[in-house]
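First comes the structure, then the notes that go with it.
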Amino acid sequence: MNKANLIKWSFWPILVALILIGYTYISAEAVNKHLDFIPSNAKAVVILDSKYLANDFYELLQFNPTKIDEILPSEEGEYEAELPTELPGILPLEKMAFYLYQDAETKDQQFFQCFIATLSDKSQFLKKMNGMREKAIVKDIEGGRVHFFKEDNKLVLIKNDIGLVIEPLNPAFKLNMANGEKHYMSVFSKEAISLMDESASFSETSKKKNHVNIWSPNGEGFLKGFGGDMIGINKMFNSQAISVNLKDENIETKIHLYLNEKDLIIEKSNEVIPLNEQELFRLSMSLNPEKFKGYFHTLLPSEKYFLADGWTGQVCTSVIGFRNEPVYKIQADTIIDKIKRDTLIKIDTVELSRLVNLPHFVLAIELEDAKTVVELLKIDSTIPAKDGYFFSKIPNLINENIYIKITGNNLLLSSTPLEFKYEPVYSTFAFNMDIEGLISNYPPKDMFQALLIPTINKFDFKAFEMYYDKMNDDFICLNGKLKLGKEDIHSLLKVVPFAFNVASDF
């Protein structure tokens, strides 16, 4: 029997057997008390519902037993994975949670990734986490223990039956026992503040029954890095929750964007238009113009606010490429000279985004009276014109222009002169993302990103589109589809190798 057939008749039956065993406990109610220990400073949380996944995987194989063949290798030597010989020591049908947090006190304000779970066997869990089979440095602390695996650059925190694993997002950063003690106190001490208690939207997200739930606070969600900071739309929401379910053809998603204020968004249409060849990402919104005129102040000098006076509330923005060079802004700090008793303003320049290379964008807004705006632009001597564009300096940014153009009833603002005809499409709230194009066109900002991008490519993400569903006083709801790999393979099977690799990495 060749390698491929050996995998087919050993690995998958064992996997299915484990699912069947787990399926007998599906009716039992999972406690998931470990989710109460996720700290309030978490930047993002991903929750995998093992129970719900096991149920759907069982039903998929029960009614389509040959579906498993679609992801098996056909030739000998194509599949070199081996069966795990050790159980991880966690309760199998509890939700598995991963979260990200940042420690501002570390050098370069490091990010750390964490895995938290309810344990069934502490010693087995520690053995599974000890990839280098080294002797851990152990310290008792407030009813629990911190285990430091120096060679593996990993910390394992255990209190009662809760296990927590910490690894740096940047593998070059070396952990120490102090990192573990500090995070232990922020999670397990009496003074610890739980994200569950701090955020109503996270508490609601944690109870949802979906294959995967992703939660992020204001400024850390999907809008981050796509011009959200520059045009102010991050300020609309206090948090975002994404539900993901693996369906027959696509990965179905549902996003709840929790609003900071009521009446920010006005219902229009739910149209999603395919991207043109020059676009990598498009976001379209129908906003309350009275509450959002101030957002244009980040792009226009005060004497140019008249450009948005006749704005109808319709806005459409697209990412059309990325910058290789950083964008700098002016930072003013107030300094008190204790000797002279003077208050001084210190002006410095700082990079607008330290983490990612910013995109080039075009922002379109619909005007009630575009002709009047054109006439005002023509008589304004402070706005020069060149090659069909007016342009002006962006407030608080250094040597950065905003390029202005009127087409029909649309005012276009772009970070660079456009080399194509931009056709805005307005809807209640919708976006379309070419994931392949974003990844292939993004220039890495540092060596770490250069190493990370090829890893992301392996996941075979293709495109992501969302369209408006409904809204209430607290949130707007969007439905959408994430496409990855071949569309004729069930997405539950597509994700199995990915999930297996992620679990193996931990």
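Because the structure is predicted, anything quoted here is derived from the model rather than measured.
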For [range], which residue pairs qualify under salt bridge (charged side-chain N to carboxylate O under 4.0 Å, His left out), counting only residues two or more places apart or in two chains?
range	answer
residues 311-327	Arg323-Glu325, Arg323-Glu400
residues 355-368	none
residues 464-475	Lys262-Asp473

Stepwise, does the side-chain contact (heavy atoms from CB on, under 4.5 Å) test hold for Asn179 with Leu155? CA-CA 8 Å; Asn179 299 133; Leu155 288 157; 3.9 Å; yes

State yes or no: are the ring centers of [X] and [Y] separated by less than 6.0 Å?
X	Y	answer
Tyr468	Phe429	no
Phe431	Phe464	yes
Phe112	His183	no
Tyr101	Phe111	no

Working to the nearest 0.5 angstrom, can you tell me the gap between [X] [atom1] and [Y] [atom2]?
X	Y	atom1	atom2	result
Leu257	Ile476	CG	CD1	6.5 Å
Ser414	Glu419	OG	CD	11.0 Å
Ile404	Phe391	CD1	CZ	10.0 Å
Lys462	Glu436	NZ	CD	3.5 Å

Do the non-hydrogen side-chain atoms of [X] and [Y] ever get within less than 4.5 Å of each other?
X	Y	value
Ile398	Ile330	yes
Asn432	Leu283	no
Ile320	Leu280	no
Cys477	Ile255	no
Glu105	Lys182	yes
Phe188	Leu157	yes
Phe115	Ile166	no
Asn210	Val244	no

Which of parallel (below 30°), tilted (30 to 60°) and perpendicular (above 60°) describes Tyr422 and Phe420?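 Perpendicular.
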
Please work out which of the three classes, parallel, tilted or perpendicular, describes the rings of Trp215 and Phe202, given edges at 30° and 60°.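 Correct class here is perpendicular.
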
Treating [X] as the side-chain partner and [Y] as the backbone partner, does any N or O pair qualify as donor plus acceptor under 3.5 Å?
X	Y	answer
Thr205	Ser201	yes
Glu198	Ser194	no
Ser199	Met196	no
Thr317	Val362	yes
Thr106	Asp103	yes
Asp108	Gln110	no
Ser284	Ala430	no
Glu375	Thr372	no
Tyr389	Leu418	yes

Where do [X] and [Y] come nearest, in terms of heavy atoms and distance?
X	Y	answer
Asp434	Gly437	OD1-N, 3.0 Å
Pro424	Ala364	CB-CB, 3.6 Å
Ser206	Ile47	CA-CD1, 4.1 Å
Asn153	Pro171	ND2-O, 3.7 Å
Leu397	Leu352	CD2-CD2, 4.4 Å
Asn213	Lys208	ND2-O, 3.4 Å

Which is it for Ser415 and His360 under the side-chain hydrogen bond (donor to acceptor under 3.5 Å, both in side chains) test, yes or no, and what are the steps along the way? CA-CA 6 Å; Ser415 60; His360 276 302; 2.9 Å; yes

Pairs involving residues 402-411, ordered by first then second residue, that meet side chain to side chain donor-acceptor pair (under 3.5 Å) (sequence neighbours left out):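 Pairs touching residues 402-411 that pass the test: Asn410-Tyr426.
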
Residues forming a side chain to side chain contact (heavy atoms under 4.5 Å, CB included) with Leu259, sequence neighbours excluded: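 Leu259 satisfies side chain to side chain contact (heavy atoms under 4.5 Å, CB included) with Phe237, Leu264, Ile265 once adjacent residues are dropped.
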
Taking ring pair (Phe, Tyr, Trp, His ring centres under 6.0 Å) as the definition, give me every residue that meets it alongside Tyr442, ordered by chain and number, with sequence neighbours left out.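 By the ring pair (Phe, Tyr, Trp, His ring centres under 6.0 Å) rule, Tyr442 matches Phe322.
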
Could you please spell out the steps behind the side-chain contact (heavy atoms from CB on, under 4.5 Å) verdict for Ile266 and Leu287? CA-CA 6 Å; Ile266 298 173; Leu287 305 174; over 6 Å; no

Criterion side-chain hydrogen bond (donor to acceptor under 3.5 Å, both in side chains) on Ser203 and Lys207, from CA distance to verdict: CA-CA 7 Å; Ser203 179; Lys207 296 176 177 65; 2.9 Å; yes

Lys95: which of Ile116, Val212, Asp49 passes side-chain contact (heavy atoms from CB on, under 4.5 Å):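 Option passing the side-chain contact (heavy atoms from CB on, under 4.5 Å) with Lys95: Asp49.
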
Any salt bridge linking [X] with [Y]? Criterion: basic side-chain nitrogen under 4.0 Å from a carboxylate oxygen.
X	Y	value
Arg282	Glu423	no
Glu94	Lys33	no
Lys254	Glu252	no

As a quick check of understanding, evaluate side-chain contact (heavy atoms from CB on, under 4.5 Å) for Lys154 and Val165, giving each step before the final call. CA-CA 7 Å; Lys154 182 187 296 182; Val165 184; 3.7 Å; yes

Go through the steps for Asp197 and Leu195 under the test side-chain contact (heavy atoms from CB on, under 4.5 Å), then give the verdict. CA-CA 5 Å; Asp197 296 331; Leu195 183 61; over 6 Å; no

Counting only heavy atoms not in Asn472, do more than 12 sit closer than 6.0 Å to its CG atom?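 Result for CG/Asn472: enclosed.
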
Are there over 12 heavy-atom neighbours, none belonging to Lys481, within less than 6.0 Å of that residue's NZ?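 Open.
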
side-chain hydrogen bond (donor to acceptor under 3.5 Å, both in side chains) for Thr428 and Glu267? Distances and angles first, verdict last. CA-CA 5 Å; Thr428 304; Glu267 288 188 283; 5.9 Å; no

